[in-house]
Amino acid sequence: MANVAVIGAQWGDEGKGKVVDWLASRADIVVRFQGGHNAGHTLVVGNQTYKLSLLPSGLVRGKLGVIGNGVVIDPEALLAEMDRVRAQGLDVSPAKLRIAENATLILPLHGAIDRAREAARGDRRIGTTGRGIGPAYEDKVARRAIRVCDLAEPATLSDKLDELLLHHNTLLRGLGAETFEKQALLDRLLALAPLILPHAEPVWERLDQARRAGQRILFEGAQAVMLDVDHGTYPYVTSSNTIAATAASGSGIGPGAVGFVLGIAKAYCTRVGSGPFPTELLDATGRLLGERGREFGTVTGRPRRCGWFDAALVRQAVKVGGIQGLALTKLDVLDGLAELRVCTGYTIGGQSFTHLPAAPGAQAAAQPVYETMEGWSGSTRGARSFAQLPAQAVKYVKRIEELVEAPVTLLSTSPERDDTILVRDPFED
Ligand code: IMP
């Protein structure tokens with residue numbers, strides 16, 4: 001039985017929540033493998049709206065949710081989110097939510113460092129979510145992170161806090177920010193421990209058993225390929241690898257078990273935070289896309305920057321992300337526009353490029369090369385088959401397929417779960 005990994009193919013916020021929810025209803029286990037509570041997934045199910053940040057979306061469908069070792073977990077944010085969804089009627093007991101014992105924890109000092117560093121960067125800030133994601137990953141690779149399993153060992157916690165505070169308080173002091181006191185942090189962690197530890201286990205073992213039993217595993221990516229710490233628009237990226245390969249390392253399963261890689265892309269393009277965005281529209285069309293698409297961040301509420309579909313960028317994401325099929329979302333936002341543009345490549349200093357080069361100067365200078373297409377006057381909203389789409393909208397989708405060199409296997413035409421055109425079932429591939 002095939003597994004499926006879902007990843008964003010642009011800069012995040014592609015509407016992964018709905019697609020993951022739709023797929024989760026057909027999976028047995030849903031696994032988060034990277035990122036943290038910087039992610040925001042909105043799921044609309046009937047008249048309930050669930051806003052998930054750290055919890056695997058499958059919980060909404062009563063499926064087993066797994067938080068893998070590649071995720072950075074703010075235990076207080078996790079418990080608050082669990083309380084919130086429990087109040088909406090979801091089961092987030094240890095029977096339904098398993099957490100990798102070797103996942104890294106985010107502590108309050110990580111958020112403080114994140115925000116203090118962003119403030120110090122001034123105009124050159126990355127535009128992070130301020131949630132401590134980057135500093136927590138830094139601690140992980142620096143081998144000083146506190147992990148979920150450490151919550152069971154007060155002496156380990158105490159030693160690790162000494163090392164962490166030596167490092168972080170020095171930095172915080174230098175940045176003119178408030179420092180942290182060890183005992184208060186230790187008390188806080190020890191108080192959280194009994195609430196987190198019942199969920200902790202070697203999740204790699206559970207996933208191995210599930211795979212052998214032929215269960216369907218859905219790997220739920222957060223952020224997107226262009227925010228990947230290696231392949232994205234560095235340094236304006238998040239601090240984890242967001243590509244599908246991370247589903248294996250971030251959960252403890254072999255790469256062969258990741259299965260079909262479904263990339264999610266909006267029919268246009270958005271970005272939050274700073275960084276290059278070649279097709280950004282700073283005009284009335286950009287504002288229109290933002291209003292119609294309700295483009296405000298789920299996590300921070302920040303308005304998203306909007307622009308035309310960048311096929312060169314998505315083609316790059318398809319290649320480095322291993323994307324085998326594309327789910328195209330929010331086509332309805334383009335309804336009624338007389339003319340549409342699709343970026344097919346860039347010119348940088350008079351030279352032509354079919355991809356976005358890695359150097360920041362070149363990325364900032366990249367001028368999009370556009371192909372113009374006629375828009376459509378009819379509505380695509382709520383369509384459930386290609387036959388219900390205006391002919392020009394079908395042409396637009398087909399052209400995107402050609403340009404990005406990947407088939408559109410799923411088309412989403414409204415926030416409602418059932419307003420989806422399925423071309424190919426990723427679980428059957
Ligand atoms: P961080 O992940 O908080 O360090 O933020 C780094 C960059 O990634 C910033 O530009 C954020 O706006 C962006 N980012 C992080 N998480 C998401 C997400 O879920 N959707 C879109 N952008 C995100």
Side-chain angles (χ1 to χ4, degrees), residues 6-20 32-43 51-57 70-74 77 81 104 106 108-121 123-141 220-243 246 250 263-266 268-277 280 290 293-307 313 317 329-330 360 363-364:
V6 173
I7 60 170
Q10 293 159 322
W11 279 292
D13 311 310
E14 294 93 351
K16 282 192 287 293
K18 172 185 155 171
V19 177
V20 166
R32 277 282 309 266
F33 55 89
Q34 48 73 227
H37 65 315
N38 49 349
H41 290 172
T42 306
L43 308 180
K51 288 194 181 294
L52 301 183
S53 215
L54 195 50
L55 291 172
S57 300
V71 175
V72 282
I73 304 170
D74 179 328
E81 190 175 327
T104 294
I106 299 181
L109 55 85
H110 292 121
I113 293 269
D114 193 357
R115 292 185 293 272
R117 277 200 312 223
E118 280 284 271
R121 282 186 190 115
D123 284 350
R124 282 154 65 182
R125 69 184 172 277
I126 291 165
T128 72
T129 57
R131 306 244 160 139
I133 307 293
Y137 277 117
E138 289 166 32
D139 278 353
K140 171 177 170 170
V141 294
E220 177 181 6
Q223 292 86 46
V225 176
M226 286 301 146
L227 289 171
D228 182 283
V229 68
D230 285 293
H231 298 289
T233 45
Y234 191 91
Y236 299 99
V237 292
T238 192
S239 297
S240 61
N241 285 112
T242 57
I243 54 172
T246 317
I264 319 283
K266 262 180 220 180
Y268 49 103
C269 197
T270 65
R271 159 158 221 179
V272 283
S274 324
F277 183 175
E280 182 170 14
R294 278 175 267 125
E295 298 295 354
F296 294 93
T298 318
V299 171
T300 57
R302 291 180 288 182
R304 297 177 185 140
R305 300 155 66 192
C306 298
L313 189 96
T329 63
K330 293 187 137 181
Q363 289 188 351

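We count ligands from 1, going down the list as the structure has it; atoms in each ligand are counted the same way. Model, not experiment: these values are computed from the prediction. Residues: numbered from 1 along the sequence shown.
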- Task: Determine yes or no for a side-chain-to-main-chain donor-acceptor pair under 3.5 angstrom, with Glu295 supplying the side chain and Cys306 the backbone.
- Result: no
- Ligand-side contact atoms (ligand 1) for residue partner Ile126, heavy atom cut-off under 4.0 Å: 10 (O)
- Note the single closest protein heavy atom to atom 17 (C) of ligand 1, along with its residue, its atom name and the distance in Å. Gln223 CG, 3.5 Å
- Task: Using modelled atom types only, decide if a donor and an acceptor are shared between the side chain of Gln10 and the backbone of Ala317 within a distance under 3.5 Å.
- Result: no
- Identify the protein heavy atom lying closest to atom 3 (O) of ligand 1, giving its residue, its atom name and the separation to 0.1 Å. Thr129 OG1, 2.6 Å
- Task: List the atom of Leu54, the atom of Glu81, and the distance in Å for their closest heavy-atom pair.
- Result: N-OE1, 3.0 Å
- Message: Using a 4.0 Å cutoff against the non-hydrogen atoms of Gly127, which atoms of ligand 1 qualify?
- Response: 9 (C), 10 (O), 11 (C), 12 (O)
- Note on the structure: Note: Glu118, heavy atoms under 4.0 Å from ligand 1, region reported as neither
- Query: In the protein, what heavy atom is nearest to atom 6 (C) of ligand 1, and what distance, to one decimal place, separates them?
  - Reply: Val237 O, 3.3 Å
- Message: Between Asn38 and Gln223, is there a side-chain donor-acceptor contact under 3.5 Å, judged purely by atom types and distance?
- Response: yes
- Message: Side chain or backbone, does Asn38 bring an N or O within less than 3.5 Å of an N or O on ligand 1?
- Response: yes
- Of Val272, Thr238, Thr128, Thr270, the one whose closest heavy atom lies nearest atom 2 (O) of ligand 1 is Thr238
- Task: If you have a sec, work out which protein heavy atom is nearest atom 20 (N) of ligand 1 and how many Å separate them, to one decimal?
- Result: Asp13 OD1, 3.2 Å
- Any side-chain heavy-atom pair of Arg117 and Thr128 under 4.5 Å: no
- Task: Spell out, as yes or no, whether a donor-acceptor pair under 3.5 Å connects the side chain of Arg305 to the backbone of Gly273.
- Result: yes
- For ligand 1, the portion of Trp11 having any non-hydrogen atom under 4.0 Å away: backbone
- Write out the residue and atom name of the closest protein heavy atom to atom 14 (N) of ligand 1, then the distance separating them to 0.1 Å. Leu227 CD1, 3.9 Å
- Would you say Arg302 touches ligand 1, if touching means a heavy atom closer than 4.0 Å? yes
- Task: For side chain to side chain contact (heavy atoms under 4.5 Å, CB included), just list the numbers for Lys16 and Ile7, CA-CA rounded to whole Å, side-chain angles, deciding distance to a tenth of an Å, and then say yes or no.
- Result: CA-CA 8 Å; Lys16 282 192 287 293; Ile7 60 170; 5.9 Å; no
- Message: Strictly distance-based, threshold 3.5 Å: is any side-chain N or O of Thr246 a donor or acceptor partner for the main-chain N or O of Asn241?
- Response: yes
